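Some notes on the structure that comes next.
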There are 2 protein chains.
Amino acid sequence: MKTYGQYCAAAKALDVVGDRWSLLIVRELLNQGPCRFTDLKYGLPGIPPNLLSSRLRHLESAGVVERRAEPPPVATTLIHLTGMGRELEPVVHSLAEWGVRFMATMAPGDVFRSQWLGFPVSLYLNDREPHGQDFTIKVDTGDRPAYIEVRDGSVRLRLETMAEPDLILSGAPDIVLGLLSGHLSLSQGVASGLEVSGPTALLDRIVPGYAATSLG
Amino acid sequence: MKTYGQYCAAAKALDVVGDRWSLLIVRELLNQGPCRFTDLKYGLPGIPPNLLSSRLRHLESAGVVERRAEPPPVATTLIHLTGMGRELEPVVHSLAEWGVRFMATMAPGDVFRSQWLGFPVSLYLNDREPHGQDFTIKVDTGDRPAYIEVRDGSVRLRLETMAEPDLILSGAPDIVLGLLSGHLSLSQGVASGLEVSGPTALLDRIVPGYAATSLG
DNA sequence: CGGCATCCTCTTTGATACTG
DNA sequence: CAGTATCAAAGAGGATGCCG
């Protein structure tokens with residue numbers, strides 16, 4: 001991309017990460033951690049491989065990402081965020097926070113990846129009973145499963161397989177999101193095809209307005 | 001721009017404001033307030049008018065900006081940010097905060113506009129003596145003058161003409177910025193062509209590390 | 001496979017000129 | 001002042017091929 005040629009901090013930032021796809025590459029590395037080329041491609045549905053390649057070279061030369069040849073058992077090079085790259089987290093998060101307003105309904109053709117649940121989880125969920133028992137919720141949306149881990153008073157999204165979840169949520173991404181954000185009650189979710197197995201009272205601990213909506 | 005087709009909050013946000021120039025248009029409206037087409041064009045050096053026009057239409061249909069026909073004495077329509085548009089402030093600010101690292105030197109050919117001093121002012125300057133006397137610094141960088149107003153413990157950038165500033169700073173944008181950010185001492189600034197007239201001790205009140213650098 | 005590079009078409013951009 | 005018109009050049013998107 002051509003630089004803006006403006007001596008302004010915001011324009012200089014966009015000179016580096018303002019190209020199409022660039023901030024989404026950073027999003028993937030923030031959500032997934034160090035990635036192979038293929039992992040990035042999977043997390044960026046729609047990107048042509050030559051563009052991914054070109055963007056990575058640009059971000060690498062700008063010092064946002066770096067490649068490291070990993071020792072066995074990985075046996076490939078992984079793409080990491082540098083310190084400078086991690087400092088883009090506030091940018092990506094504020095964008096996501098602004099963008100949640102468009103998530104009410106899923107457009108036809110929209111693709112979903114489990115790791116994108118990270119934003120709603122950190123935005124909406126917190127543990128109302130920080131000294132209660134730890135628990136785990138498995139979330140299945142058609143992509144690989146993700147896990148909401150409630151532990152030591154914090155709520156985190158995990159992408160690795162976790163044994164014996166206490167609750168399993170299964171359904172379309174927008175329905176699961178509606179439930180987690182408190183915009184949909186459990187009964188509304190179930191009416192829209194959500195399947196729940198396990199003690200639903202656990203949701204009470206972390207979902208905003210859950211008590212209210214479950215009464216209604 | 002084609003939508004990313006991803007059911008992800010960050011991608012949805014970029015579907016709306018991810019086009020080239022879009023976030024800079026928002027930057028101008030945040031810094032300048034409601035603008036005429038021509039004011040925007042001046043604050044976005046390098047933008048072709050058809051692109052500005054096209055972006056404004058897109059942002060308007062997305063609900064980020066709106067046009068309002070102003071009564072006399074304005075006698076033209078002004079472009080305003082909507083509430084949704086103002087909520088992009090954290091996005092633009094976090095971008096600017098990330099981008100200040102590229103401001104150490106001004107690239108040849110870079111254009112500068114006074115209103116862009118708003119970011120460094122809110123990022124770097126605060127009043128160390130909130131109960132001291134109010135004062136005003138006029139900053140002249142070749143573009144129209146801007147004023148740093150220190151009043152009631154807060155430091156703000158003003159773009160309207162203000163009478164009788166207590167101090168006048170005059171010099172190239174990168175030198176003025178170096179001084180305001182504390183990366184340049186007063187003597188280094190003067191050695192680089194900065195002209196100062198008035199009681200320089202006032203800078204002590206608001207510039208980070210000023211005491212240290214003025215000693216060194 | 002994983003990690004790109006190539007080719008081709010289509011859209012967007014940038015620069016300039018022009019109009020109500 | 002507030003745009004639209006025109007046009008060349010650059011970039012994006014999609015398919016496919018190569019090479020360890």
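Labels below follow one simple rule: chain letters A, B, ... track the order of the sequence lines, proteins then strands, and each chain is numbered from 1. Remember, predicted model here, so these are calculated numbers, not experimental data.
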Regarding the side chain of Thr76(B), the nearest nucleotide among dT13(C), dT16(C), dA2(D) is dA2(D)
Q. Looking only at side-chain N and O atoms, does Arg55(B) come under 4.0 Å of OP1 or OP2 in dT13(C)?
A. yes
Can you tell me if Asp15(B) uses its side chain to pair, donor with acceptor, with the backbone of Tyr4(B) under 3.5 Å?
-> yes
Worksheet item: Between dC4(C) and Arg57(A), is there an OP1 or OP2 to side-chain N/O distance shorter than 4.0 Å?
Response: no
**Asked** Do Glu89(A) and Trp98(B) have side-chain atoms, one donor and one acceptor, less than 3.5 Å apart?
**Response** no
From NE2 of His58(B) across to C1' of dT13(C) the rounded distance in Å is 16 Å
Taken to the nearest whole Å, CD1/Ile47(A) to P/dA5(C) is 14 Å
From CG of Leu51(B) across to P of dA2(D) the rounded distance in Å is 18 Å
Whole-Å distance, Leu52(A) CG to dG14(D) P, equals 15 Å
Of the listed dA5(C), dA17(C), dG3(C), the closest approach to the Arg36(A) side chain comes from dG3(C)
Winner on side-chain proximity to Asn50(A), out of dG14(C), dA2(D), dG14(D), is dG14(D)
So, is Ser53(B) close to the dT4(D) phosphate, meaning a side-chain N or O under 4.0 Å from OP1 or OP2? yes
Separation of dG13(D) atom C1' from Arg20(A) atom CZ, nearest Å, is 9 Å
Sugar-phosphate, base or nothing in reach of Lys2(B), heavy atoms under 4.0 Å | sugar-phosphate
field: Arg156(A) and Asp127(A) ion-paired at < 4.0 Å
entry: no
Quiz item: Would one find a side-chain N or O of Trp21(A) under 4.0 angstrom from OP1 or OP2 of dG13(D)?
Solution: yes
Closest to the side chain of Pro49(A), out of dG3(C), dG13(D), dC4(C), is dC4(C)
Of dG14(C), dG3(D), dC4(C), the nucleotide closest to the side chain of Arg67(A) is dC4(C)
request  = Classify the side-chain pair Arg57(A)/Ser61(A) by whether it contains a donor and acceptor separated by less than 3.5 Å.
outcome  = no
From CG of Leu78(B) across to C1' of dC1(D) the rounded distance in Å is 12 Å
In whole angstroms, the gap separating P of dT4(D) from CG of Leu56(B) amounts to 10 Å
Is there a donor-acceptor contact under 3.5 Å from the side chain of Thr82(A) to the main chain of Val64(A)?
yes
When rounded to whole Å, the CG to C1' distance for the pair Asp19(A) and dT12(C) reads 13 Å
